[in-house]
Amino acid sequence: MLEEVERWLDRRSWSVGDRPLDQLLAAKRDTGTTVSVVLPALNEEATVGAIVATIRRELMTDAVPLVDELVVLDSGSTDRTAEVAAAAGARVVHRDSVLPRLPALPGKGEVLWRSLLATSGDVVCFVDADLRDFSADFVSGIVGPLLTDPGVQFVKAMYDRPLGEVAGQGGRVTELVARPLLNLHWPQLAGFVQPLGGEYAARRSLLERLPFPVGYGVELGLLVDALHTVGLDALAQVDVGIRVHRHQDGRALGRMAAAIYRTAQLRLARGHLVRPVLTQFERTEEGFTPRTYAVDTEERPPMAEIPEYVARRRAA
């Protein structure tokens with residue numbers, strides 16, 4: 001590991017207990033910083049309500065007004081995600097209602113990008129909507145450094161990721177794809193425990209300057225581009241405990257891995273994959289049947305280049 005990264009680990013890696021809530025609230029009052037929490041959601045009726053309820057109960061009260069805005073960005077759910085989220089107290093925004101002049105593309109990154117236009121906080125905190133046994137520490141932990149340290153611009157959550165009942169075996173795409181890529185090509189980012197984790201917070205002033213890969217590559221893309229834009233010392237991570245969520249099957253992980261590799265390749269060469277498709281195999285009655293999927297090849301430009309966003313910010 002680079003000496004620079006070793007120093008960064010000492011300086012920019014914390015635990016959620018390092019910043020008590022009263023310290024965060026005092027810093028928020030002193031700076032006047034507003035905080036938006038965004039949950040990108042696609043068919044998450046089983047978990048989204050509990051996450052919203054926990055945030056409202058523990059971080060959006062008169063006694064603890066840490067979060068100013070809580071938005072569930074619905075990515076076209078066909079179940080009761082929107083109804084459950086609204087009943088729990090979130091403002092629900094449908095993906096297609098944000099920037100309607102641009103037809104929406106499928107993918108998590110598309111929803112995160114559009115959320116910048118649907119929110120107003122100085123700090124934007126993203127939380128996946130499929131978490132089980134959710135703790136408000138996931139939010140307070142990662143917004144904490146942004147409220148208390150003006151030098152920090154981007155904060156990732158770090159945590160243990162069990163696979164079923166087996167501790168430490170989650171995050172398979174991280175270990176097999178993302179971590180090798182980062183260590184080989186962006187060694188300054190080798191200290192991030194969960195580079196692909198969906199829980200992270202950043203200053204709006206940074207996010208609006210970054211392009212957003214529309215699909216699974218969004219987490220790696222944002223992390224790499226944040227490094228290039230503001231430097232390693234402006235990045236940080238906070239230990240928030242254990243992350244329990246729904247795990248995807250091997251073929252879904254393969255598609256995720258391909259999108260992440262493509263995102264990395266684009267940043268290495270600023271070119272395109274020769275053939276942006278991925279073929280996987282599924283056993284059927286006829287034997288192994290090939291299934292071919294397109295690899296995400298689209299990115300949205302920095303939100304600061306979108307006229308509607310610029311106009312809204314000027315009017316604010």
Side-chain angles (χ1 to χ4, degrees), residues 36-56 69-100 102-119 124-135 138-139 157 159 161-164 170-174 194 196-200 212-219 222 242-260 278 280 282 291 293-296 298 300:
S36 296
V37 175
V38 173
L39 276 65
L42 177 63
N43 295 330
E44 303 293 357
E45 67 174 344
T47 50
V48 68
I51 298 172
V52 169
T54 298
I55 294 172
R56 287 200 61 86
E69 183 179 36
L70 175 55
V71 174
V72 169
L73 221 306
D74 189 353
S75 187
S77 297
T78 56
D79 66 359
R80 298 176 60 251
T81 291
E83 180 182 342
V84 170
R91 176 165 65 90
V92 178
V93 178
H94 194 279
R95 173 197 62 193
D96 295 343
S97 70
V98 182
L99 208 60
L102 291 180
L105 296 168
K108 178 183 179 183
E110 176 82 355
V111 174
L112 299 184
W113 182 71
R114 289 176 186 256
S115 76
L116 296 183
L117 195 54
T119 58
V124 183
C125 172
F126 299 121
V127 175
D128 281 350
D130 65 344
L131 302 187
R132 303 198 305 270
D133 302 324
F134 176 77
S135 167
F138 275 73
V139 173
Y159 31 65
R161 294 185 69 179
L163 180 61
R172 291 161 288 173
V173 176
T174 293
Q194 298 292 351
L196 298 185
E199 289 69 48
Y200 49 101
F212 277 60
V214 300
Y216 285 127
V218 63
E219 272 81 30
L222 290 177
I242 299 175
R243 185 184 196 265
V244 180
H245 68 113
R246 182 186 68 252
H247 291 284
Q248 302 194 56
D249 63 30
R251 287 188 294 273
L253 295 179
R255 297 190 291 275
M256 183 184 300
I260 289 163
L278 173 71
Q280 299 175 313
E282 179 179 348
R291 310 286 190 197
Y293 302 88
V295 175
D296 294 324
E298 298 291 338
R300 292 302 193 184

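On a predicted model such as this, the values are computed, not experimentally measured, just so you know. Reckoned from all heavy atoms, side chains included, excluding hydrogens, waters and symmetry mates.
With hydrogens and angles ignored, the 3.5 Å screen pairs no side-chain donor or acceptor of R300 with any backbone N or O of W113. The main-chain N or O of S135 is never found under 3.5 Å from a side-chain atom of T54 such that the two would form a donor-acceptor pair. The main-chain N or O of D128 is found under 3.5 Å from a side-chain atom of E199 such that the two form a donor-acceptor pair.
Considering all non-hydrogen atoms of both residues, L105 and R95 come closest at O-NH1, 4.2 Å. Of all heavy-atom pairs spanning V111 and S75, the tightest one is CG2-OG, 3.3 Å. Across all non-hydrogen atoms, the minimal contact from V92 to A86 is CG2-N, 3.7 Å. Across every non-hydrogen atom of V218 and P213, the tightest pair is CB-O, 3.5 Å. Considering every non-hydrogen atom in both A118 and V93, the closest pair reads CB-CG1, 4.3 Å. Taking both residues in full, the closest heavy atoms of A129 and A41 are given as CB-CB, 3.9 Å, listed atom of the first, atom of the second, then distance.
With rounding to the nearest 0.5 angstrom, the CD atom of E219 is 7.0 Å from the CG atom of L196. With rounding to the nearest 0.5 Å, the separation of OG1 in T174 from CG in L253 is 10.0 Å. Residue I51 holds its CD1 atom at 10.0 Å from CG of L70, rounded to the nearest 0.5 Å. The OG1 atom of T81 lies 7.5 Å from the CG atom of L42; values are rounded to the nearest 0.5 Å. With rounding to the nearest 0.5 Å, the separation of CG in N43 from CG in D79 is 4.0 Å. Once rounded to the nearest 0.5 Å, the distance linking CG of L112 with CG of L222 reads 7.5 Å.
A search for ring-ring contact (aromatic ring centres under 6.0 Å, His included) contacts involving Y159 returns F138, not counting sequence neighbours. By the salt bridge (Lys or Arg N to Asp or Glu O under 4.0 Å) test, R91 is found to be paired with E69, residues two or more places apart in sequence or in another chain being considered. Applying the side-chain contact (heavy atoms from CB on, under 4.5 Å) test to V84 and every residue at least two apart in sequence or in another chain returns E45, V48, R80.
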